[in-house]
**Q** 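Handing you a structure now.
Each chain gets a letter, A, B and so on, in the order its sequence line appears, and its residues count up from 1.
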Amino acid sequence: MTDKEEMNVQDENSIIAERRSKLAEIRSLGHAFPNNFTPEDFAKKLHALYENDEKADLEQKNIHVVVAGRMMLKRVMGKASFATIQDKSGRIQLYVARDNINSDKNPELYSQFKKWDLGDILGAKGKLFKTNTGELTIEVSEIILLTKSLRPLPEKFHGLSDQEIKYRQRYVDLIVSEDTRETFLKRSKIISGIRDFMREYEFLEVETPMLHPIPGGASARPFMTHHNALDMDMFLRIAPELYLKRLVVGGFDRVFEINRNFRNEGLSVRHNPEFTMMEFYAAYTDYQWLMDFTEECIKKVAIDATGDLKVTYQAKLIDFSKPFDRLTLVEAILKYSDKYKKDELEDLASVKSAIKKLGGEVVEHAGLGASQLMLFEMVAEEHLWNPTYIVDYPVEVSPLARASSDNKEITERFELFIAGREIANGFSELNDAEDQAQRFKAQVAAKEAGDEEAMYYDADFIRALEYGMPPTGGCGIGIDRLVMLVTDKPSIRDVIFFPHMRPE
RNA sequence: GGGGUGUUAGCUCAGCUGGUAGAGCACCGGACUUUUAAUCCGUUGGUCGCGCGUUCGAUCCGCGCACACCCUACCA
């Protein structure tokens, strides 16, 4: 017996045993899993069309419908019953009376129906009517059990509250939680909205490799795998950046990709080992253009998901309606902490001592920029609640970004923060092949010095740049985190169907 | 990786400063042809996450382990 079979056996209980024996009886009567029933009507639409009709009017209209769905509620009252079924769109009530469904062909149908369980999937045909209390209901004339459910559903009123089961058995969560269904419908709507938006701006949707011979495009630890036929190690991609830029070299001026990245790092409410990112590149633009564009895109997402630019996240308001703030690292530090003077923040030794005072670990070889960044993360980042762009990232932590024309120590780079977390990262791309080669060499040196997240030297990417990449702006947006914000979810696991979990 | 909290019936939850457990829903049997988490009557269901220890006795105390959630670290 395999582990899985063993798990199933341990899982068995009297309720499942009871249902298995019901299924056995159904099998003995003929086809237990018929597949020749097709619904023509759906709960939500029926409610929309007929909810407001008076009882008598509805009766006169004589509307016959065909529905199918999972039985969520059942009230048997002797020779007649009410049942509520749930289809993809919502719920609708059935009125099932013995004398309406039993026939010469099957005089036992109603007594069979009485044995059907919550969770069973059934199909029904009948006429719409209003009950005495005014609920739109189908007076069933034909009913059929399409799929026997062997496992009992969670409690019909409280639903599923065990987070672990919600994540591990998302199918159950989706059956019983309207809120979960709503969240994932919104996620889907957001992503197709983003696609529409990108197409409007003439971006081409592309797909680049998920298996990389050299991991690149971000500072992160990769997952490793092996290609047998080629007998070579490969890496699940940590970012699509270097491939997308190759496409810009090739002449596709505007490209975007919405797909998974994989990073072999810790899990948290904001981190899943595989997460969805949109990266996009636009030739002949720079980081200023990207900030305007990204802002517009994110405002559209807020509208698509909530219908509003003022969004409540974890009981606090996020205001997308105003132009997003733009601050340099130093400005952000000064804004959120009154402990420092501007001059101090321009001095390496005093920035490092400020970090030490806050209990941070000072990195020996870190320059002014990297140290400012560290201080920023310690005192300012979590306070960036409303959308805020932070600009002027140091060259030493931005190996793929174009250096500022005015100051060689900083890059034309921004990160967007909302609700204290990083949502997007973009920059004017470094298109000087010789500079890029130097930066890769510096990364390789850092890797040899023990920085596991430093980048590899990608010779083919340098070769591509040597053919010439036009001046280009590029940006990545963390889709899962964005979805969290506009669906008001505290954990990334709430917006990923099957979040990574330890095996049971 | 470090810290905190949790794990009791299929589900939602009580309970016990140590004497081997209860409710509601679901299930099973019965009554009921307009119910609304239907109602009413009667049942069934648990090695109280796993292991070790302390104890006459552990669901409860201690230690370890597993898994989850939160915080923290790395990062998006």
**Q** For the residue pair A:Tyr456 and A:Phe235, does the interplanar ring angle fall in the parallel (under 30°), tilted (30 to 60°) or perpendicular (over 60°) class?
**A** tilted
**Q** Tell me which of A:Arg98 and A:Val76 sits closer to the 5' end of RNA chain B, going by the nucleotide each one is nearest to.
**A** A:Arg98
**Q** Looking across every strand, which nucleic acid part, if any, lies under 4.0 Å from A:Gly476 by heavy atom: base, sugar-phosphate, or nothing?
**A**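 No contact at all - A:Gly476 keeps every heavy atom at 4.0 Å or more from the nucleic acid.
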**Q** To the nearest angstrom, how far is A:Leu73 atom CG from B:U34 atom P?
**A** 18 Å
**Q** Just checking, is any N or O donor in the side chain of A:Ser219 or A:Glu453 under 3.5 Å from an acceptor N or O on the other one?
**A**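 Side-chain D/A pair, A:Ser219 to A:Glu453: absent.
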**Q** For B:C48, which nucleotide in any strand shown is its Watson-Crick or wobble partner with both distances under 3.5 Å?
**A** none
**Q** A:Thr137 side chain: which of B:U35, B:C11, B:A26 is closest?
**A**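 From the listed options, B:U35 comes nearest.
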**Q** Go through the steps for A:Ile194 and A:Met198 under the test side-chain contact (heavy atoms from CB on, under 4.5 Å), then give the verdict.
**A** CA-CA 6 Å; A:Ile194 291 173; A:Met198 299 307 286; 4.1 Å; yes
**Q** May I ask you to verify if any side-chain N or O of A:Arg75 is less than 4.0 angstrom from the OP1 or OP2 atom of B:U35?
**A** no
**Q** More than 12 foreign heavy atoms under 6.0 Å from NZ of A:Lys55: is that the case here?
**A** yes
**Q** Quick check on B:C67: is either OP1 or OP2 less than 4.0 Å from any side-chain nitrogen or oxygen of A:Arg502?
**A**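 So the side-chain polar atoms of A:Arg502 do come within 4.0 Å of the phosphate oxygens OP1 or OP2 of B:C67, strictly under.
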**Q** Counting only Watson-Crick pairs (N1-N3 plus N6-O4 or O6-N4) and G-U wobbles (N1-O2, O6-N3), all under 3.5 Å, who is the partner of B:A66?
**A** B:U7
**Q** Mind checking if A:Lys22 touches a base, just sugar-phosphate, or nothing, with heavy atoms under 4.0 Å?
**A**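 Sugar-phosphate: the residue A:Lys22, judged by heavy atoms under 4.0 Å, touches backbone atoms but no base.
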**Q** Using a 4.0 Å heavy-atom cut-off, does A:Gly78 contact any base of the nucleic acid, only the sugar-phosphate backbone, or nothing at all?
**A**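 Base, at least one base atom sits under 4.0 Å.
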**Q** Go through the structure and list residues passing ring pair (Phe, Tyr, Trp, His ring centres under 6.0 Å) with A:Phe498, not counting sequence neighbours.
**A** none
**Q** Searching all strands shown, indicate the nucleotide that pairs with B:U59 (Watson-Crick or G-U wobble; both distances under 3.5 Å).
**A** none
**Q** For a quick check under 3.5 Å, do A:Asp488 and A:Gln314 share a side-chain donor-acceptor pair by atom type?
**A** yes
**Q** With a 4.0 Å heavy-atom cut-off, tell me which residues in residues 45-59 of chain A come close to RNA chain B, sorted by residue number.
**A**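 Output list: empty, so none.
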**Q** Under 4.0 Å between any heavy atoms, over every strand shown, what does A:Met277 touch: base, sugar-phosphate, or nothing? Just pick one.
**A**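 The residue A:Met277 makes no contact with any strand.
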**Q** Using OP1 and OP2 only, check whether a side-chain N or O of A:Thr131 sits under 4.0 Å from B:U35.
**A**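 The answer is no; no side-chain N or O of A:Thr131 sits under 4.0 Å from OP1 or OP2.
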**Q** Using the side-chain heavy atoms of A:Asp117, tell me which of these nucleotides is nearest: B:C25, B:C69, B:C28.
**A** B:C28
**Q** Is any side-chain N or O of A:Gln93 under 3.5 Å from a base N or O of B:U35, one able to act as donor and the other as acceptor?
**A** yes
**Q** Measure from the side chain of A:Leu118, starting at C-beta and using heavy atoms only, and say which of B:G10, B:G24, B:A26 lies closest.
**A**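 Nearest to the side chain of A:Leu118 among the choices is B:A26.
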**Q** Need one value for A:Glu422: base, sugar-phosphate or nothing, where a base atom within 4.0 Å counts as base even if backbone is also close, heavy atoms only.
**A** sugar-phosphate
**Q** Salt bridge or not between A:Lys44 and A:Asp87? Use side-chain N to carboxylate O under 4.0 Å.
**A**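 Salt bridge: no.
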**Q** Around atom NZ of A:Lys115, are there more than 12 heavy atoms of other residues, nucleotides or ligands at under 6.0 Å?
**A** no
**Q** Going by the rule ring pair (Phe, Tyr, Trp, His ring centres under 6.0 Å), which residues pair with A:Tyr95 if we only count those two or more places apart in sequence or in a different chain?
**A** A:Phe82, A:Phe129
**Q** Would you classify A:Asp162 as touching base, sugar-phosphate or nothing, given that sugar-phosphate means primed atoms plus P, OP1 and OP2, and contacts are heavy atoms under 4.0 Å?
**A**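 Contact class for A:Asp162: sugar-phosphate only.
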**Q** Using a 4.0 Å heavy-atom cut-off, does A:Asn264 contact any base of the nucleic acid, only the sugar-phosphate backbone, or nothing at all?
**A** nothing
**Q** In terms of relative ring orientation, are A:Tyr313 and A:Trp385 parallel, tilted or perpendicular, with 30° and 60° separating the classes?
**A**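 Aromatic pair A:Tyr313/A:Trp385 classed tilted.
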**Q** Which letter, B, S or -, goes with each nucleotide of nucleotides 4-9 of chain B from 5' to 3', with contact meaning a protein heavy atom under 4.0 Å?
**A** ------
**Q** I need a per-nucleotide contact map over nucleotides 43-51 of chain B, read 5' to 3'. Cutoff is protein heavy atoms under 4.0 Å; write B for the base, S for backbone only, - otherwise.
**A** ---------
**Q** Does A:Arg168 CZ have over 12 foreign heavy atoms under 6.0 Å away?
**A** yes
**Q** Answer yes or no: is there an ion pair linking A:Asp117 with A:Lys148, defined by an N-O contact shorter than 4.0 Å?
**A**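 Answer for the salt bridge query: yes.
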**Q** Counting any heavy atom closer than 4.0 Å, what does A:Ile238 reach on the DNA or RNA strands: base, sugar-phosphate only, or nothing?
**A** nothing
**Q** Answer with base, sugar-phosphate or nothing: what part of the nucleic acid does A:Tyr167 contact at a heavy-atom distance below 4.0 Å?
**A** sugar-phosphate
**Q** Hey, does A:Ile477 reach any base, or is it just sugar-phosphate, or nothing, if we go heavy atoms under 4.0 Å?
**A**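 Touches nothing.
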**Q** With a non-hydrogen cut-off below 4.0 angstrom, is A:Leu153 in contact with a base, only sugar-phosphate, or nothing?
**A** nothing
**Q** Do A:Arg237 and A:Thr208 have side-chain N/O donor and acceptor atoms under 3.5 Å apart?
**A** yes
**Q** B:C74 and B:U7: how far apart are their P atoms, nearest whole angstrom?
**A** 32 Å
**Q** Using atom C1' of each nucleotide, how far apart are B:U5 and B:C40 to the nearest Å?
**A** 43 Å
**Q** Got a donor-acceptor pair under 3.5 Å from the side chain of A:Tyr95 to the base of B:U35?
**A**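 Not at all, since no donor on one side and acceptor on the other fall under 3.5 Å apart.
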**Q** With rounding to the closest Å, how many angstrom separate the C1' atoms on B:C32 and B:C69?
**A** 46 Å
**Q** Could you check which of B:C71, B:C69, B:U34 has an atom nearest any side-chain atom of A:Val269?
**A** B:C71
**Q** For atom C1', what is the distance between B:C56 and B:A73, given to the nearest Å?
**A**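 Between the two C1' atoms, the distance is 49 Å.
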**Q** Using a strict 4.0 Å threshold on nitrogen-to-oxygen distance, state whether A:Glu54 and A:Lys130 make a salt bridge.
**A** no
**Q** Using the P atoms only, state how far B:G24 lies from B:A14, rounded to an integer number of Å.
**A** 16 Å
**Q** Can you tell me how far C1' in B:C16 sits from the matching atom in B:C48, rounded to whole Å?
**A**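 Approximately 11 Å lies between the C1' atom of B:C16 and that of B:C48.
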**Q** Does the side-chain contact (heavy atoms from CB on, under 4.5 Å) test come out yes or no for A:Leu73 and A:Lys156, once each step is laid out?
**A** CA-CA 8 Å; A:Leu73 295 170; A:Lys156 63 187 173 186; 3.7 Å; yes
**Q** Please tell me whether A:Tyr110 and A:Ser81 have a donor and an acceptor in their side chains that are separated by less than 3.5 angstrom.
**A** yes
**Q** Using purine N1 to pyrimidine N3 plus N6-O4 or O6-N4 for Watson-Crick, or N1-O2 and O6-N3 for G-U wobble, both under 3.5 Å, which nucleotide pairs with B:G42?
**A** B:C28
**Q** Contact class for A:Arg493 vs. all strands (heavy atom < 4.0 Å): base, sugar-phosphate, or nothing?
**A**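 Contact class for A:Arg493: sugar-phosphate only.
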**Q** Between B:U35, B:C11, B:C13, which one does the side chain of A:Met77 approach most closely?
**A**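 Nearest nucleotide to the side chain: B:U35.
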**Q** Respond yes when some side-chain nitrogen or oxygen of A:Ser491 is under 4.0 Å from OP1 or OP2 of B:C69, and no when none is.
**A** no
**Q** Should B:U35 form a Watson-Crick or G-U wobble pair with both distances under 3.5 Å, which nucleotide is its partner?
**A**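 Base partner found: none.
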**Q** Report the nucleotide, chosen from B:A38, B:C74, B:C11, that has the shortest atom-to-atom distance to any side-chain atom of A:Lys156.
**A** B:A38
**Q** Measuring only the C1' atom in each nucleotide, how far is B:G46 from B:G4? A whole number of Å is fine.
**A**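 So the two C1' atoms sit 30 Å from each other.
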**Q** Does the ring-ring contact (aromatic ring centres under 6.0 Å, His included) test come out yes or no for A:Phe293 and A:Phe280, once each step is laid out?
**A** CA-CA 11 Å; A:Phe293 181 82; A:Phe280 59 95; 5.3 Å; yes
**Q** If you count the non-hydrogen atoms of other residues, nucleotides and ligands that lie under 6.0 Å from CG in A:Asn52, is the total more than 12?
**A**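 Incorrect, the count does not exceed 12.
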**Q** Short of 4.0 Å, heavy atom to strand atom, which residues of residues 168-178 of chain A count as contacting RNA chain B?
**A**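 Contacts with RNA chain B under 4.0 Å: A:Arg168.
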